[in-house]
Amino acid sequence: MKNRPAPATRLAQALRFMDETTGAIIPPIQPAATYARGPDYVERTSKVYRRDSNQTTEHAEKIIADLEDAEETMLFSSGMSAAVAVMEALPAGAHVVIPDVMYHGVVQQFRRYADMNRLEISTYQTANLADMQTALRQGETALVWVESPNNPDWDVTDIAEAAKIAHAAGALLLTDCTATPPCCTRALDLGADISFHSATKYLNGHSDVTAGALSVRATNPLWAQIYDIRKLQGTVLHSFDAFLLIRGMRTLMLRVEKATENALSLAGHFEGHPMVERVLFPGLPSHPGYEIAKRQTGGLYGGMLSIITRGTEQTAIDTARFCEVFYPATSLGGVESLIEHRKTVSGEGFKVHPNLLRLSIGIEDVGDLIADLEQALRRAGG
Ligand SMILES: *Cc1c(COP(=O)(O)O)cnc(C)c1O
């Protein structure tokens, strides 16, 4: 074949896996905790123990690396364990620049490290590049963290510009584009050094695995540190979960296309609705990040959006409570739609509008989703 197959083809076939001996077209699960040495008493491969990794996880890593245009990908047992490995790999006292509104678990861990003087943290207003520039210290900042679109406001950061700013100061750029997986946003091609994804979300897509992926454009000394941390902490993704992740990724393209289509319809329907103050979705032309999102995702915006309801905080909570099709659950990127009152879920200490409902739009019939939210808003409005 002359041309490299398109991402949809590569994903559907798990990189055209086929077992050479049996012809099986599905990769097996390798569950071994330990591996025997060869007759010469030399290790047969780089994997001698479960914490090193395993063949199933490695296959899943190759699929993500292929999609990301990465030199290498590493999978962890959750997104958080991948994020913590990055923080852990930074030298003591390293200066890190992070957005002021982002995924609460990552902020929490950065704050813990800052509190014990393990890392020094400066924040910038999410998506505001001038503010990011101000937070940077020339020749001193080690890492800039970008989350785009960010939780739970879905502001869009221009990754190519952020990379220029970070690199000019001598810092690495890490992007968390969990809400628009690498079939939408290829952060490494845009200039990021490390691409992070909670693979629990769109990459797996079936709400039955937790996993975290880190991918690098070019391996560097920090990457070697991260590998050692994963090995020593034993946070490598388990082979059973890797098997499920490979299966989930076969339909990534279809799922994200359908979620995007549904989210566009639903966002359009509720924009200007009498019970809704604002719809936050980068796929709406009225969204301030629309142009950048369109460029960065090729129009594949994903299914994450938030709505700010009119009325009181209780009206918003009741809306989530009264839904009958949307599950009142946290997480995102699965085939089933979820709704959550974000302030209740993230807890105190995070900037979030009290009336904000975060919606993860799945692949159900969009008419059912719209009707469900309509009836819940009506009931909550009294
Ligand atoms: C879920 C999520 C994480 C954390 O990943 P887990 O797999 O839940 O540990 C980090 N960042 C973002 C944007 C997320 O949505």
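The first residue of the sequence shown is numbered 1, and numbering continues consecutively from there. Both ligands and their constituent atoms are indexed starting at 1 by order of listing. Just so it is clear, the structure is predicted and the values come from calculations on it, not from any experiment.
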_Using a 3.5 Å cut-off on N or O atoms only, is T200 in polar contact with ligand 1?_
yes

*asked:* To the nearest 0.5 Å, what is the distance between SG on C183 and OH on Y202?
replied: 9.5 Å

*Please write down residue, atom name and distance for the protein heavy atom closest to atom 14 (C) of ligand 1.*
K201 NZ, 3.0 Å

_Interfacing atoms of ligand 1 (cut-off 4.0 Å, heavy-atom, A211)_ = 7 (O)

*asked:* Can you name the atoms of ligand 1, numbered from 1 with element, that are less than 4.0 Å from a heavy atom of L332?
replied: 15 (O)

*asked:* Tell me the contacting part of M102 for ligand 1: side chain, backbone, both, or neither, using a 4.0 Å heavy-atom threshold, strictly below.
replied: neither

*asked:* With heavy-atom distances below 4.0 Å as the criterion, list the atoms of ligand 1 near G79.
replied: 5 (O), 6 (P), 7 (O), 9 (O)

*Decide, yes or no, whether a salt bridge links R112 with D115 under the criterion of side-chain N to carboxylate O below 4.0 Å.*
no

*To which protein heavy atom is atom 5 (O) of ligand 1 closest, and what is the distance rounded to 0.1 Å?*
S198 OG, 3.1 Å

*Using a distance-only test with no angle check, is there a side-chain donor-acceptor pair under 3.5 angstrom linking H341 and R358?*
no

*Measure up the W145 and F196 rings against each other and bin them: parallel (under 30°), tilted (30 to 60°), perpendicular (over 60°).*
tilted

*Could you tell me whether ligand 1 has any atom less than 4.0 Å away from a heavy atom of S331?*
no

*Give the numbers and elements of all ligand 1 atoms closer than 4.0 Å to a heavy atom of N151.*
13 (C), 15 (O)

_For the CG atom of L338 and the CD1 atom of I361, what is their distance to the nearest 0.5 Å?_
9.0 Å

*Look at E58 together with K47 and state whether they make a salt bridge at an N to O cut-off of under 4.0 Å.*
yes

_Check for me whether R111 meets the cation-pi criterion with F350, that is, NZ or CZ under 6.0 Å from the six-membered ring centre and within 45 degrees of the ring axis._
yes

*For atom 13 (C) of ligand 1, what is the nearest protein heavy atom, given as residue, atom name and distance?*
D176 OD2, 3.2 Å

_Closest approach of any protein heavy atom to atom 10 (C) of ligand 1, naming residue and atom_ = Y103 CD2, 3.4 Å

_Polar atom proximity, M80 to ligand 1 (N or O, under 3.5 Å)_ = yes

*Salt-bridged, D66 to R4, with N to O below 4.0 Å?*
yes

*Any ion pair linking E72 and R217 (charged N to carboxylate O, less than 4.0 Å)?*
no

*Numbered atoms of ligand 1 (with element) below 4.0 Å of F196, judged on heavy atoms*: 10 (C), 11 (N)

